[in-house]
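The structure appears below as structure tokens.
Scope of the values below: all heavy atoms of this structure, side chains included, with no hydrogens, waters or symmetry mates.
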Amino acid sequence: MSRSIALIRGVGGPTALKMAALREVLASAGLGEVETLQVAGNVVLDDGGRSPDQIAGAVREAVRGAFGFDLPVIVRTHAELADAHARNPFADAAEGRWVQTVFLSETPPAGTTVVIPADSPEDAVLDGREIFVRYPEGIGGSKLQAGWFEKRLGVTGTARNANTVAKLVEMSR
């Protein structure tokens, strides 16, 4: 069976989810064998012949019904996630945790570009439904978080670091 990866945005703090409970809820929603990585809304599941949009809707509805949180969900197939990881121009950086991929809910309109402020040390590349970002001074103090890109592009996004993306690619084989 094909595996897909659901990236739930905004998991943590007041919207924290217990991963064991999340796995149970998603399996009960017919999403097959469900695995989670960390406590940040990284879910590997069986696609059951569903499209990524159908999976995103099923996960979002299951989370809303079971936990009361309406959190955006972005889904990539194993092949799409592996391709994004391979396309990341910063993936070989020494500090994989300081390289992120912002996964977008949809491709921004043609001709859209990402212009990083001149005083920012970060590098970013928009490529289809992903933005690849390198944070040479660390992520914590940067203004260029997923929300910054969302405002400029008008699409929903959620970020995962290169180490997490590599683990999700491996888990979804």
Side-chain angles (χ1 to χ4, degrees), residues 1-12 15-88 91 100-114 124-133 145-162 164-173:
M1 175 146 322
S2 298
R3 307 282 278 160
S4 289
I5 301 85
L7 305 170
I8 306 171
R9 182 175 148 240
V11 173
T15 57
L17 304 174
K18 300 285 186 192
M19 293 301 105
L22 177 62
R23 287 190 298 271
E24 185 178 313
V25 164
L26 295 180
S28 295
L31 294 165
E33 182 183 335
V34 178
E35 298 177 79
T36 55
L37 176 65
Q38 303 159 343
V39 292
N42 303 306
V43 183
V44 177
L45 43 79
D46 298 331
D47 68 22
R50 297 179 179 135
S51 72
D53 286 343
Q54 290 170 324
I55 294 168
V59 171
R60 189 170 189 163
E61 186 56 38
V63 168
R64 184 181 318 136
F67 304 103
F69 305 131
D70 187 18
L71 303 174
V73 179
I74 296 173
V75 174
R76 296 292 192 267
T77 65
H78 166 78
E80 290 170 332
L81 191 73
D83 177 63
H85 186 58
R87 287 185 289 114
N88 188 335
Q100 287 196 338
T101 301
V102 180
F103 294 94
L104 304 174
S105 58
E106 57 193 87
T107 304
T112 301
T113 59
V114 174
V125 174
L126 171 62
D127 184 1
R129 295 185 302 156
E130 288 83 31
I131 303 170
F132 305 108
V133 188
Q145 304 294 331
W148 188 91
F149 292 105
E150 285 180 322
K151 280 184 181 178
R152 280 144 187 87
L153 299 176
V155 298
T156 301
T158 188
R160 300 297 188 271
N161 73 38
T164 298
V165 173
K167 287 177 188 169
L168 289 169
V169 168
E170 194 58 37
M171 286 174 66
S172 63
R173 287 190 191 280

Could you tell me whether a side-chain N or O of [X] sits under 3.5 Å from a main-chain N or O of [Y], the two making a donor and an acceptor?
| X | Y | value |
| --- | --- | --- |
| Thr36 | Met19 | no |
| Asp46 | Glu33 | yes |
| Glu150 | Gly157 | yes |

Taking all non-hydrogen atoms of both residues into account, name the closest pair between [X] and [Y] and its distance.
| X | Y | answer |
| --- | --- | --- |
| Ala40 | Val11 | C-CB, 3.9 Å |
| Ala84 | Phe103 | CB-CE2, 4.2 Å |
| Ser105 | Val155 | OG-CB, 4.0 Å |
| Val75 | Glu80 | O-OE1, 4.3 Å |
| Gly128 | Leu104 | O-CD1, 4.3 Å |
| Arg50 | Leu31 | NH1-CD2, 2.7 Å |

So do the side chains of [X] and [Y] get within less than 4.5 Å of each other, counting heavy atoms only?
| X | Y | result |
| --- | --- | --- |
| Leu7 | Leu168 | yes |
| Leu126 | Phe149 | no |
| Val34 | Val43 | yes |
| Leu22 | Val63 | yes |
| Trp148 | Val102 | no |

Evaluation steps, side chain to side chain contact (heavy atoms under 4.5 Å, CB included), between Leu37 and Val44: CA-CA 8 Å; Leu37 176 65; Val44 177; over 6 Å; no

Spacing of [atom1] belonging to [X] relative to [atom2] belonging to [Y], to within rounding of 0.5 Å:
| X | Y | atom1 | atom2 | value |
| --- | --- | --- | --- | --- |
| His85 | Glu130 | NE2 | CD | 12.5 Å |
| Leu81 | Arg3 | CG | CZ | 12.5 Å |
| Asp47 | Ile5 | CG | CD1 | 10.0 Å |
| Arg152 | Thr113 | CZ | OG1 | 12.0 Å |
| Leu26 | Ile8 | CG | CD1 | 6.0 Å |
| Leu153 | Thr112 | CG | OG1 | 6.5 Å |

Derivation and outcome, side chain to side chain contact (heavy atoms under 4.5 Å, CB included), residues Val59 and Leu45: CA-CA 10 Å; Val59 171; Leu45 43 79; 4.0 Å; yes

Residues in side chain to side chain donor-acceptor pair (under 3.5 Å) with Asp53, at least two apart? none

Could you tell me which residues satisfy side chain to side chain donor-acceptor pair (under 3.5 Å) with Asn42, sequence neighbours excluded, listed by chain and number? Gln38, Arg160

Would you call Glu61 and Arg64 a salt bridge, taking side-chain N to carboxylate O under 4.0 Å as the test? yes

Only one of His78, Lys167, Arg76 passes side chain to side chain donor-acceptor pair (under 3.5 Å) with Ser172, and that residue is His78

Determine whether Arg129 and Thr107 satisfy the following criterion, side chain to side chain contact (heavy atoms under 4.5 Å, CB included), listing intermediate values before the conclusion. CA-CA 5 Å; Arg129 295 185 302 156; Thr107 304; 3.0 Å; yes

Where do Leu71 and Val73 land on the side chain to side chain contact (heavy atoms under 4.5 Å, CB included) test, with the steps shown first? CA-CA 6 Å; Leu71 303 174; Val73 179; 5.5 Å; no

